[in-house]
Protein chains: 2
Amino acid sequence: MYSIGDLSRRTGVKIPTIRYYEQMGLIAAPERSEGNQRRYEKSELERLAFIRHARDLGLSIDSIRDLLALSQHPERPCGEADRIASEHLATVREKIARLKKLEQELERIVACDGNHTVGDCYVIRALADHSMCENEH
Amino acid sequence: MYSIGDLSRRTGVKIPTIRYYEQMGLIAAPERSEGNQRRYEKSELERLAFIRHARDLGLSIDSIRDLLALSQHPERPCGEADRIASEHLATVREKIARLKKLEQELERIVACDGNHTVGDCYVIRALADHSMCENEH
DNA sequence: TCTATTGCTCCAGAAGCTATAGGTTTGAGG
DNA sequence: CCTCAAACCTATAGCTTCTGGAGCAATAGA
């Protein structure tokens with residue numbers, strides 16, 4: 001049996017976050033000690049590690065809930081799990097694409113060398129005048 | 001004089017967002033009509049366009065507040081504006097790098113073809129077992 | 001037994017909006 | 001001038017995923 005602190009140390013998930021996941025229904029409310037403290041089994045440790053890993057990959061709480069539900073049914077087809085992961089991959093790729101455009105625009109803006117005054121600063125002027133941009137955003 | 005709706009249409013910033021920016025101190029509380037409705041001057045339109053543009057580039061409200069304050073003083077050196085933009089560029093680059101790692105990991109995970117059962121689904125197993133990852137994250 | 005550490009619940013805040021409820025003002029057509 | 005729909009007002013709550021604090025109770029080691 002692990003205390004919430006044990007669980008936290010072993011998974012790297014902070015204590016309030018564990019309680020939050022319980023509230024959100026990602027992990028079940030565990031047994032309690034006589035003094036009302038949470039006591040976890042090893043299976044909860046694995047479940048929490050799963051959640052942690054999925055969060056690190058940027059999956060939403062809702063997606064994780066779905067994936068956890070799926071993992072309870074090893075005999076079912078796994079197309080749904082695949083779909084969730086693929087969709088998330090697509091989202092990640094979109095974010096990368098968008099950020100790269102921003103990177104380009106910021107590179108152009110930052111070309112200002114910082115050695116003059118605000119009045120003719122490229123950073124300020126570029127922000128004030130959208131027409132100076134190369135991409136639309 | 002523009003109503004808040006005019007301002008919204010011309011800048012693409014939604015009405016509640018304009019009021020929110022006023023609350024956050026990005027734009028000054030404007031004059032009011034006899035019936036207590038907001039009435040803006042052209043200068044506010046330009047200021048809001050600046051804000052919109054900066055937000056589109058992903059700058060934080062705080063950074064924008066600083067940049068707006070700087071732009072009020074055209075005679076000052078612009079090193080600070082340059083620093084804000086450069087820092088933001090660095091943040092964007094970090095995000096891109098991080099997302100690329102996630103992309104790689106998700107690509108590996110998604111290699112599961114979806115045509116079998118949850119029990120041997122690579123998506124589920126990879127999430128459950130961090131040691132299957134190539135990068136640490 | 002004492003006490004440092006850990007745990008409990010409840011609540012607020014962070015970021016940047018968005019939405020809803022319930023009411024008032026405006027402006028165009030008749 | 002009157003009406004009525006559209007636009008506006010304030011105040012408040014909600015979204016997402018936690019994180020931190022206050023104030024108090026339980027546990028574990030010396």
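Letters A, B, ... are given to chains in the order of the sequence lines, protein chains preceding strands, and every chain is numbered from 1. Only a predicted model underlies this, so the values are computations on that prediction, with no experimental measurement involved.
Qualifying side chain to side chain donor-acceptor pair (under 3.5 Å) partners for A/R65, counting only residues two or more places apart in sequence or in other chains: A/D62. Partners of A/E31 under the salt bridge (charged side-chain N to carboxylate O under 4.0 Å, His left out) rule, at least two apart in sequence or in another chain, do not exist in this structure. Remark: B/Q37 engages B/S33, B/R39 in a side chain to side chain contact (heavy atoms under 4.5 Å, CB included) (not counting sequence neighbours). With sequence neighbours excluded, the residues satisfying side chain to side chain donor-acceptor pair (under 3.5 Å) with A/R9 are A/D6.
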Base, backbone or nothing for each nucleotide of nucleotides 10-30 of chain D, written B, S, -, heavy atoms under 4.0 angstrom, 5' to 3'? B------BBB------SS---

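For the pair A/K100 and A/E103, the salt-bridge criterion is not met [side-chain N within less than 4.0 Å of a carboxylate O]. Salt-bridge annotation for A/K101 and A/E105: absent, with no side-chain N of the basic residue lying under 4.0 Å from a carboxylate O of the acidic one. Ion pairing of B/R83 with B/E80 is present here, as a side-chain N (NZ or NE/NH1/NH2) and a carboxylate O approach within less than 4.0 Å.
Where DNA chain C meets chain B (any atom under 4.0 Å from a heavy atom), the bounding nucleotides read 5' to 3' are C/dG16 to C/dT26.
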